[in-house]
Each structure stands twice: as structure tokens, then as C-alpha cells.
Amino acid sequence: MKTLQEKIAASLADLDTREARRKGVMGHRDRVIEVSKGLDGLREELRAAKLTVLNTEESLKHYTNLASDNLLANGFKVHTAKTAKDALEQIAKIVRKGPLVKAKTNLGKELGLTDLLNARGIEYIETDLGDRINQLNGTHSSHTLAPAIQIKEEHIAELFKKRAKETNKVLESTDEQSLVSFAREDLREYLTTAPYGLSGANAIAADTGSIILTENEGNIRAVTSLPDVHIIIAGINKIVPTLEDGIKVVQAASSFGAGQEIGTYINVISAPGKEIGPKEVHVILLDNGRTKAVQEGFGEAFTCVNCGSCLNFCPVYTVVGDAYGQDLLGGIGLLQTFFIQGKEASIDQGLSLCIGCTKCLEYCPVKIDTPHMISEVKQDIPEENFLKNQLLDTIAKQKKLDSLTKLLRFFNSYKDNAFVSKTINLLPSDWQTYISMLPQDIAKPVTPEEAEGYSRGGEMIHFFLGCVMNSLFADIHRDSLYVLSKNDTRISCPTEQACCGALHFHAGDKRTAKELALKNIKAFPGKEPIIINSAGCGAMLKDYPKLFSDNPELKRKAEQFSSRVMDFSEYLSLTKKDIPQSLSKKVTFHDACHLALAQGIKEQPRELLRNIDNLELVEMPDRNACCGSGGIYSLTHTDVSRALLEEKVQDAKTVEPDIVITTNPGCLMHLNYGMKDTPTYHLATILAKAYREGEE
Ligand code: SF4
Ligand code: SF4
């Protein structure tokens with residue numbers, strides 16, 4: 001069995017598969033963005049319905065019992081399974097011999113169902129087109145909703161040609177419609193003769209004891225109605241309070257997963273068949289870690305409706321595919337794996353690959369905060385990376401950070417010296433790359449006194465210095481302060497402020513993150529806005545209340561603090577004065593994930609740029625695609641980070657800008673490294689240049 005690192009390397013090197021997957025997810029994205037407009041109400045209602053069940057252990061128990069009682073009253077045979085092993089034993093008791101026709105079910109993967117069927121010599125036929133393609137190809141599903149997303153169309157045609165030859169059937173042509181018709185015809189015989197059908201459930205309505213399923217292909221309808229015995233396997237997290245809630249589940253799954261308003265078919269099964277349909281319907285309700293997740297405060301992780309939308313938007317999945325997860329894919333899959341199979345399994349399968357970009361949240365119908373929960377569960381994981389530990393410790397302690405910065409400044413000023421370059425060459429290659437990403441000129445940090453020296457009359461603001469930002473990018477602070485001074489602000493810069501704690505929290509050190517948060521809350525008394533020019537730090541400062549969810553008093557203080565935090569562009573777009581600005585350049589703007597998504601700030605920086613005379617702002621394709629920087633991700637997952645950077649650079653170069661602009665120090669270093677001859681600047685640097693040129 002391959003290690004995670006080997007799987008990632010193989011995925012990254014398989015360019016054909018990467019291309020097929022990228023094409024597939026991009027197509028889904030466009031449709032979902034269009035269809036999901038105006039569905040905020042549905043999302044809120046769906047989230048509330050799912051959390052009603054998964055809120056506490058008591059609520060989960062209550063709705064499981066209610067659903068179970070009503071299913072029994074409707075004539076279903078109801079089985080409860082605590083573990084995957086229990087569920088498999090129950091299936092094995094029901095299915096004596098095949099064939100079994102199977103509809104798509106994510107729970108099947110969680111259980112290892114096909115291994116059981118293979119081990120017992122029970123013939124099974126996948127009836128979902130994508131799963132069937134994988135079955136013929138000897139591969140496994142690599143996407144929740146589009147299981148064969150990784151297989152190129154030409155290869156699919158070859159598979160069906162081979163199948164036609166083996167079965168003496170006619171394949172008219174290899175266009176999409178002919179392939180689909182052939183697959184249907186090939187399945188028809190199995191569907192009409194198999195004694196067993198097996199499916200999952202999109203939702204189970206507790207009030208009516210009904211099973212709700214949606215689909216486009218019509219195979220689920222056949223699997224659930226033609227065989228004599230139908231087995232439904234479902235996690236207890238699929239239970240919703242009412243039938244109406246169940247319909248919301250399928251509507252959301254279709255809109256966010258397939259990008260269609262509603263699935264072609266919605267099946268509601270409320271009893272076994274009388275005249276027609278299966279006489280025996282078994283419902284296996286599986287726990288397998290779900291109650292544990294709820295007990296530990298992570299019920300939200302199981303509110304997922306398995307629509308697969310997060311995979312389509314996840315940059316890590318887009319480049320490494322099913323190497324990100326195993327049985328359950330992507331960030332949400334690994335989070336669930338943490339409770340289903342345990343901590344070690346989720347780490348082995350790629351939990352740490354999440355870059356924390358929050359893209360999965362934007363088009364998740366339930367708005368599941370996967371990245372935050374991943375950072376939370378990582379708190380239990382001992383960090384084995386010595387260099388990473390050292391780096392985090394250095395960032396948390398200002399004195400150590402100052403010494404490191406002095407050393408970097410020294411190296412920088414002597415970088416052409418033969419001895420210095422020889423010393424750098426002795427370092428591991430990843431570190432050499434990292435050093436080459438550092439700014440060319442590292443200026444002396446801004447002191448609080450210097451910052452306050454930029455004060456003009458006008459509104460009082462607090463300026464947040466941060467750690468890496470002030471150590472490596474002090475001149476961006478100077479540009480920011482200059483721009484703020486042009487807009488008449490009175491600047492306070494408290495001396496006791498500390499690092500925001502983002503890198504610590506995301507690396508699994510919540511204790512240090514909380515200590516740093518408390519220092520900052522104390523350092524910034526009053527009601528005035530706290531201005532920050534680093535997207536990653538801003539997102540963290542705005543998220544402080546989540547760190548103290550177990551302490552109402554500290555949470556309240558954190559909320560007061562966070563409500564005052566404003567990104568530099570957010571503040572300026574509200575308060576900017578009409579001062580001449582000019583810059584004759586063609587620029588493109590890279591949305592840092594922690595600004596555009598985590599803070600929802602997309603238009604404000606663009607508005608400031610559009611205000612500059614002679615400046616042409618052009619949008620690159622996929623403008624908010626992650627650049628792969630992710631704090632220290634580029635050090636800990638260099639290969640994935642580099643793959644993300646390559647795609648970003650390709651996108652940015654298509655619009656041939658003179659300058660790329662962004663708002664996060666990590667993105668800045670990464671893009672400067674990737675874009676080579678095209679410089680990347682912070683927004684503040686561009687605004688400062690524009691003010692200066694406007695004055696001339
Ligand atoms: S935060 Fe980003 S990398 Fe992590 S699961 Fe979500 S989209 Fe993927
Ligand atoms: S986490 Fe959200 S987007 Fe992802 S599969 Fe679940 S419901 Fe869909």
C-alpha cells in the first residue's frame with residue numbers, strides 16, 4: 001500500500017488525470033455558481049434542520065428513535081449498527097447469493113462493502129454510470145458525485161468497446177449519447193433479474209418514516225423498485241426532522257452538487273411494495289462514530305449532504321484528486337474519517353493537506369466550516385516536524401523573531417558573497433527555495449513610535465503590526481501608514497500587541513494561539529477600529545471568538561475585539577478622501593483566500609484600484625484560486641503548494657499584467673517567486689505609489 005506522500009507524488013505526476021479532473025470540476029463550478037444564486041434561505045433552513053438532529057447526543061437519539069419507530073410502523077425491517085463491522089454482518093445475513101444491483105452510496109465506501117461482496121463471491125453490479133465505468137476499469141470512485149471524473153472520455157469509449165466485444169452487444173458509436181445508451185442496455189438484464197438491490201439514502205424523514213433519494217439517471221428508481229429485496233444503508237446523520245426537510249436536502253444536493261435546480265427524479269419510499277416493488281425492505285441505520293462526533297462538539301461535520309460541491313472548489317483536491325482522503329474524500333471526508341476510523345487513519349489519509357483556504361465553505365449548501373474544524377481536531381495531534389515547531393516558536397516570541405530577521409537581513413545584504421551562497425546551498429532544497437522567496441530588501445521593523453508618527457488629525461485608529469509582516473515587510477507597513485495618513489487618521493500603535501496566532505492555530509497549537517489572542521485583546525482597549533493589512537492575520541483576529549467558545553466571558557471580550565478589526569482596504573473604501581492618484585500600469589488582483597473568502601472582502605480593494613487614474617485593472621481567470629502559500633504550507637507540503645502556484649501563475653500570465661497585486665504576505669512572496677519577471681506588490685504599496693505620482 002502506498003504512503004500518503006507516494007500517492008500525492010503519483011497524483012501530481014499524472015498530468016492526464018489532473019487535466020480530466022480540472023476540466024470536470026471547473027464545469028461543475030460554473031453551473032453551481034449560477035444555480036445557487038438566491039438559495040441563501042434554503043441553505044439556512046437546511047443547516048438548521050440538520051443541526052436540530054445533530055446538535056446534542058439527546059437530539060440525535062430522539063430523532064433516531066422517532067425515525068426508527070416510524071420506519072417500523074411503515075413495514076420496513078429496521079436494523080441498527082454501531083460499527084461498520086455490525087453493518088456488514090447484517091448485510092451478509094440478508095444477501096445470501098447474488099447478483100446484487102447497487103446504486104451509488106458513499107456509505108458503501110465507508111463500510112468497505114465491495115470488499116465484503118468480493119470476499120463472499122457475491123456478484124454485484126454498479127448501476128451508477130460513473131461507478132460502472134470504474135468497475136469496468138478496475139478503479140475506484142474518485143469524486144463523491146462524479147465517480148469517474150478522473151477518466152478521460154476517450155478511455156471510457158475504449159472500456160465500452162471492450163465490454164461490447166465481451167458480451168456480443170452492439171455499440172453504435174462512441175459519442176456520449178451512444179455510450180450512455182449502451183451502458184443502460186448492458187445494465188437492463190441485471191436490473192430486471194437481480195434478487196437484491198442496495199442503495200443509500202439522501203435523507204430519512206423522522207416524522208413520516210420515509211426514505212428520500214434523488215438522481216438523474218433513473219438507475220436508483222430501478223434498483224429500489226425491481227428486485228424482491230431492497231437494502232438501504234444510511235448513517236444516522238441522514239435523519240432529518242420532517243419530510244419537508246428531506247426535500248430540502250435533495251434540492252440542495254442537486255443545486256450545489258450537480259448545478260441543477262432539482263434532480264431529474266426524486267424518490268420517496270414510504271413502505272415496502274404491495275402489488276409492485278420489493279416485498280422486503282431493510283433499513284440499516286449506522287452510527288460508526290457519529291454519536292462520538294456529536295458528543296465532542298463536532299456534529300456539524302456530519303450535517304454534510306454528500307453533494308460533492310466542496311471537492312469541486314477545493315484547490316487541493318483539484319490538483320491531487322483522490323490522494324486527498326481515501327474512503328471519504330477531501331477535507332470533510334477526512335474530518336469524518338477522524339471520528340469514524342480515528343485520528344491516525346485521518347492523518348495517514350491526508351488530514352494535514354487542508355491548506356485552510358475556506359473555499360469549500362462558499363458553495364457548501366450547509367455552510368460547514370470544515371477548515372476550522374480541521375484546525376480544531378489537529379490540536380490533539382503531536383507535531384513531529386521539528387523545523388515547523390521551531391518556526392512557530394520563533395514567531396510566537398518576538399525576541400527570537402527579531403534575531404531571525406537580523407540574520408536574514410545579514411544574509412540578504414551579503415547574498416552575492418561566495419561564502420554566503422555556499423552556506424545557503426548546503427540547506428535542504430525546500431529551504432533554499434523558501435529563502436529565495438524572501439523579499440529582496442528586508443527593511444528594519446516599524447516601531448510603535450514610528451507608526452504613531454504618521455498621525456494626522458481626524459479619526460483615531462489602531463494599527464496592528466503583526467509578526468512576519470513587520471519583520472519581513474516593514475516597508476508595506478510604511479506604505480500603509482503613509483496612505484492612512486493621507487486620509488487623515490490619528491494612529492495609535494500599542495506596544496504590547498503580539499502575533500495574531502494564526503500560524504499556531506492552523507498548525508495545531510491552540511494553546512499558544514489563545515495566549516496570543518488574550519495579549520492582543522488586552523493590548524487594544526477602546527472602541528476604535530483596529531486596522532490590519534495582512535489578510536491571514538485579519539481573518540484570525542476576526543475569528544478570535546471561536547477560540548473561546550468554551551468560556552462565555554472571554555468569548556464576549558473576543559467578540560468586542562473582533563468587531564473592531566478591519567482590513568486596510570475595508571477601512572479605506574469607507575473613509576477615503578478624494579486625493580489625486582495616478583499610476584500608468586496594467587494590473588491584476590489576486591484574491592487572498594483569507595481576504596475574499598474568510599472575510600468576504602472582494603470588491604473593496606478593486607474599488608480602491610479603480611479610483612486610480614491611468615491604472616488598468618484586468619481580471620485573471622479563476623481570480624480567487626489559491627496560490628498555494630497557506631502560511632507555512634509551502635514548507636510542510638512543498639509539492640502540493642508548488643502545483644497550486646503553477647496553476648495560479650498560468651492564470652495570472654494569461655492577462656499579461658505589468659504588476660500583480662495582493663494583500664497577504666504569504667501570497668506576496670509566493671507570487672513574486674512564481675511570476676518571475678512580473679512583480680507582485682501589496683495593495684498598500686500600489687496606493688502609496690499612486691498618491692506619490694498623483695502629487696507630481
Ligand atoms: S479549506 Fe481549502 S483545502 Fe481545506 S478542505 Fe476546504 S477547500 Fe479544501
Ligand atoms: S461538506 Fe458541504 S459541500 Fe461538501 S459534500 Fe458536504 S454538504 Fe456538500
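One-based numbering, in listed order, for ligands and for the atoms of each. Heavy atoms only: backbone and side chains are in, while hydrogens, waters and symmetry mates are out.
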Engineer: If only side-chain N and O atoms count, and only distance matters, is there a donor-acceptor pair under 3.5 Å linking Asp14 with Gln150?
Structural biologist: no
Engineer: Of all the atoms in ligand 1, which lie at a distance below 4.0 Å from a heavy atom belonging to Tyr324?
Structural biologist: 4 (Fe), 5 (S)
Engineer: Check whether any side-chain heavy atom of Leu286 lies under 4.5 Å from a side-chain heavy atom of Ile233, and answer yes or no.
Structural biologist: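 Contact flag for Leu286/Ile233 side chains = no.
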Engineer: For a distance under 2.8 Å, tell me if Cys310 has an N/O/S atom near atom 2 (Fe) of ligand 2.
Structural biologist: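 No, since none of the N, O or S atoms of Cys310 sits under 2.8 Å from atom 2 (Fe) of ligand 2.
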Engineer: Does Lys61 pair with Asp287 as a salt bridge, N-O distance under 4.0 Å?
Structural biologist: no
Engineer: Could you list which atoms of ligand 2 come closer than 4.0 Å to a heavy atom of Val305?
Structural biologist: 6 (Fe), 7 (S)
Engineer: Could you tell me, atom by atom, which parts of ligand 2 come under 4.0 Å of a heavy atom of Ile332?
Structural biologist: 1 (S)
Engineer: Side chains of Asp327 and Gln349 only: does a donor on one sit below 3.5 Å from an acceptor on the other?
Structural biologist: no
Engineer: Taking the minimum heavy-atom distance to atom 5 (S) of ligand 2, which of Ala252, Cys364, Gly308, Ala301 ranks first?
Structural biologist: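 Ranked by closest heavy atom to atom 5 (S) of ligand 2, first place is Gly308.
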Engineer: Identify, with sequence neighbours excluded, every residue that meets side chain to side chain contact (heavy atoms under 4.5 Å, CB included) alongside His28.
Structural biologist: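 Listed in chain order: Arg31, Ala146, Asn312.
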Engineer: Do NZ/NE/NH1/NH2 and the carboxylate oxygens of Lys104 and Glu215 come within less than 4.0 Å?
Structural biologist: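 Salt bridge: no.
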Engineer: How long is the straight-line distance from OG1 of Thr358 back to CD of Glu362, given to the nearest 0.5 Å?
Structural biologist: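 With rounding to 0.5 Å, CD (Glu362) is 8.0 Å from OG1 (Thr358).
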Engineer: Quick one: look up the protein heavy atom nearest atom 8 (Fe) of ligand 2 and list residue, atom name and how far away it is.
Structural biologist: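 Sorting protein heavy atoms by distance from atom 8 (Fe) of ligand 2 puts Cys307 SG, 2.3 Å first.
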Engineer: Of the backbone atoms (N, CA, C, O) and the side-chain heavy atoms from C-beta on, which set of Ile368 has a member under 4.0 Å from an atom of ligand 2: side chain, backbone, both, or neither?
Structural biologist: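 Side chain only.
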Engineer: Which residues satisfy the side chain to side chain contact (heavy atoms under 4.5 Å, CB included) test with Lys2, sequence neighbours excluded?
Structural biologist: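 Applying side chain to side chain contact (heavy atoms under 4.5 Å, CB included) to Lys2 gives Glu6, Lys7, Ala10.
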Engineer: Output, by chain and residue number, all protein N/O/S atoms separated from atom 4 (Fe) of ligand 1 by less than 2.8 Å.
Structural biologist: Cys354 SG
Engineer: What protein heavy atom sits nearest atom 6 (Fe) of ligand 2, and how far off is it?
Structural biologist: Cys304 SG, 2.3 Å
Engineer: So, Lys102 and Glu126, do they make that salt bridge, N to O below 4.0 Å?
Structural biologist: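 Salt bridge between Lys102 and Glu126, a charged N being under 4.0 Å from a carboxylate O: yes.
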Engineer: Residues in side chain to side chain contact (heavy atoms under 4.5 Å, CB included) with Pro605, at least two apart?
Structural biologist: Ser569, Phe589, Leu595, Ile601, Leu683
